[in-house]
Amino acid sequence: MQTLQELMFSGKITGTTLIDFSTGPMIGPMLSICDYFTEIIILEANDFSLTHAEKWWKGEEETFDWSHLSDVCSEGDRKKWMKKEETLRRKVKSIMKFDESKENPIDKSVFSKANCVTSFYLLSHISKDREAYSKNIRKLASMLDIGGHLFLGGTFNVKYFSIGEHQFHSLPVDEEFIRKVLADGGFSIKLIEKQDSKVVNKAVKYEKVFLAYAVKVKEV
């Protein structure tokens with residue numbers, strides 16, 4: 001999130017529409033960049049995430065508390081955090097379910113192409129293999145105008161993630177693969193930042209966390 005904020009502070013990444021397609025009903029990445037866009041569309045991969053994202057949007061009490069992110073987004077200031085969260089809520093235009101069966105997940109007759117797409121920690125979970133991951137990158141590309149920005153976050157060489165005693169699928173990818181699928185998807189890569197894993201529990205195991213920033217330069 002800090003790297004994301006630093007990129008936004010440059011003033012070169014702005015626009016009308018931002019589309020977010022990330023793991024679960026999390027709002028962290030959007031908090032870092034919502035000031036630079038007029039409207040936001042949130043896509044969710046399943047009904048549970050869709051329900052809880054809508055609860056957060058409506059300000060209902062029974063929803064996830066993301067205030068621990070205030071240290072990054074608002075210098076730990078609770079009032080600034082609340083103002084930031086409300087700004088994000090106002091800018092959200094729609095929350096909808098991502099239909100994986102469609103080549104074009106967004107109805108172009110209702111929504112125009114976006115200036116920016118963010119996707120964090122999700123594609124490895126919903127892609128059964130590398131071919132499926134590549135197809136999902138192209139679906140993200142289909143939502144963007146030429147010159148549009150993509151922020152892709154994830155993990156390198158993940159082994160698993162678990163909830164309780166149950167381990168779930170997560171496709172292992174590496175930097176070479178990410179560079180290839182982005183180039184094949186019509187993107188020019190501007191930055192890939194990596195950090196070694198600092199996880200000290202048994203819920204998930206991976207080598208590095210990464211943030212890729214790329215610009216769409218052609219249709220494929």
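- Considering only heavy atoms from C-beta on, Asp47 comes within 4.5 Å of Lys97 through its side chain.
- Contacts of Lys180 classified as salt bridge (charged side-chain N to carboxylate O under 4.0 Å, His left out), with partners at least two apart in sequence or in another chain: Asp184.
- For Arg89, the salt bridge (charged side-chain N to carboxylate O under 4.0 Å, His left out) test picks out Glu85, Glu86, with sequence neighbours left out.
- Applying the side chain to side chain contact (heavy atoms under 4.5 Å, CB included) criterion to Ala132, with sequence neighbours excluded, gives Ser127, Lys128, Asp129.
- Nearest heavy atom pair, residue Leu182 against residue Ala212, reads CD1-CB, 4.1 Å.
- Screening residues 134-157 for ring pair (Phe, Tyr, Trp, His ring centres under 6.0 Å) gives His149-Tyr213, Phe151-Tyr213, Phe156-Phe210 as the qualifying pairs, with residues at least two apart or on separate chains.
- Looking at Thr17, its side chain never comes within 3.5 Å of a backbone N or O of Ala114 through a donor-acceptor pair.
- No chain of hydrophobic side-chain contacts below 4.5 Å, direct or via other Ile, Leu, Val, Met, Phe, Trp or Tyr residues, connects Val217 to Val220.
- Of the inter-residue distances, the one linking Met30 atom CE with Thr87 atom OG1 reads 13.5 Å to the nearest 0.5 angstrom.
- By the salt bridge (charged side-chain N to carboxylate O under 4.0 Å, His left out) test, Glu54 is found to be paired with no residue, residues two or more places apart in sequence or in another chain being considered.
- In terms of hydrophobic clustering, with Ile, Leu, Val, Met, Phe, Trp and Tyr side chains grouped at heavy-atom distances under 4.5 Å, Leu191 and Tyr36 are assigned to a common cluster.
- For the salt bridge (Lys or Arg N to Asp or Glu O under 4.0 Å) condition, no pair includes a residue of residues 1-12, sequence neighbours left out.
- Leu7 contributes atom CG, which lies 12.0 Å from atom NZ of Lys190 (distance to the nearest 0.5 angstrom).
- Separating the CD1 atom in Ile137 from the OG atom in Ser142 is a distance of 11.5 Å, to the nearest 0.5 Å.
- For Ser94, the side chain to side chain contact (heavy atoms under 4.5 Å, CB included) partners at least two apart in sequence or on another chain are Met96, Phe111.
- In this structure the side chain of Ile95 reaches within 4.5 angstrom of the side chain of Leu50, judged on heavy atoms.
- Listed by chain and residue number, Pro25, Glu44, Asn46 satisfy the side chain to side chain contact (heavy atoms under 4.5 Å, CB included) test with Ser49 (two or more places apart in sequence, or in another chain).
- Between Gly185 and Ala141, the closest heavy-atom pair is O-CB, 3.6 Å.
- At a threshold of 4.5 Å between non-hydrogen side-chain atoms, the residues Phe187 and Leu144 count as touching.
- Remark: Leu123 CG to Lys139 NZ distance equals 10.5 Å, nearest 0.5 Å.
- Taking 4.5 Å as the limit, every side-chain heavy atom of Val181 sits out of range of all side-chain heavy atoms of Val173.
- No hydrogens or angles considered: nothing links the side chains of Ser197 and Glu207 as a donor-acceptor pair under 3.5 Å.
- Taking hydrophobic clusters as Ile, Leu, Val, Met, Phe, Trp and Tyr residues chained together by side-chain heavy-atom distances below 4.5 Å, Ile146 does not share a cluster with Leu140.
- Judged as a side chain to side chain contact (heavy atoms under 4.5 Å, CB included), and not counting sequence neighbours, the contacts of Glu60 are Lys55, Lys58.
- Phe37 is linked by a ring-ring contact (aromatic ring centres under 6.0 Å, His included) to nothing, counting only residues two or more places apart in sequence or in another chain.
- By the neighbour-count criterion of 12 heavy atoms within 6.0 Å, atom NZ of Lys91 is densely surrounded, having more than that number from other residues, nucleotides or ligands.
- Under the 4.5 Å side-chain criterion, counting only non-hydrogen atoms from C-beta, Leu4 is not in contact with Thr118.
- Looking at Lys216, its side chain never comes within 3.5 Å of a backbone N or O of Gly148 through a donor-acceptor pair.
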**Request:** Show the numbers, then the answer: is there a side chain to side chain donor-acceptor pair (under 3.5 Å) between Ser134 and Arg130?
**Result:** CA-CA 6 Å; Ser134 181; Arg130 290 193 167 194; over 6 Å; no

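- Taking the side chain as every heavy atom from C-beta outward, Trp56 and Leu88 approach each other to under 4.5 Å.
- To the nearest 0.5 Å, atoms OG1 (Thr38) and NZ (Lys93) are separated by 10.5 Å.
- Taking the salt bridge (charged side-chain N to carboxylate O under 4.0 Å, His left out) definition, one finds that Asp145 meets it with nothing, sequence neighbours left out.
- Contact annotation: the side chain of Ile13 never approaches that of Ile33 to less than 4.5 Å [non-hydrogen atoms, C-beta and beyond].
- Atom OH of residue Tyr121 and atom CG of residue Leu152 lie 10.0 Å apart, to the nearest 0.5 angstrom.
- Proximity of Met143 to Ile41: side-chain heavy atoms (C-beta onward) are nowhere separated by under 4.5 Å.
- Every pair passing ring pair (Phe, Tyr, Trp, His ring centres under 6.0 Å) that includes a residue from residues 3-25 is listed here, sequence neighbours excluded: Phe21-Phe98.
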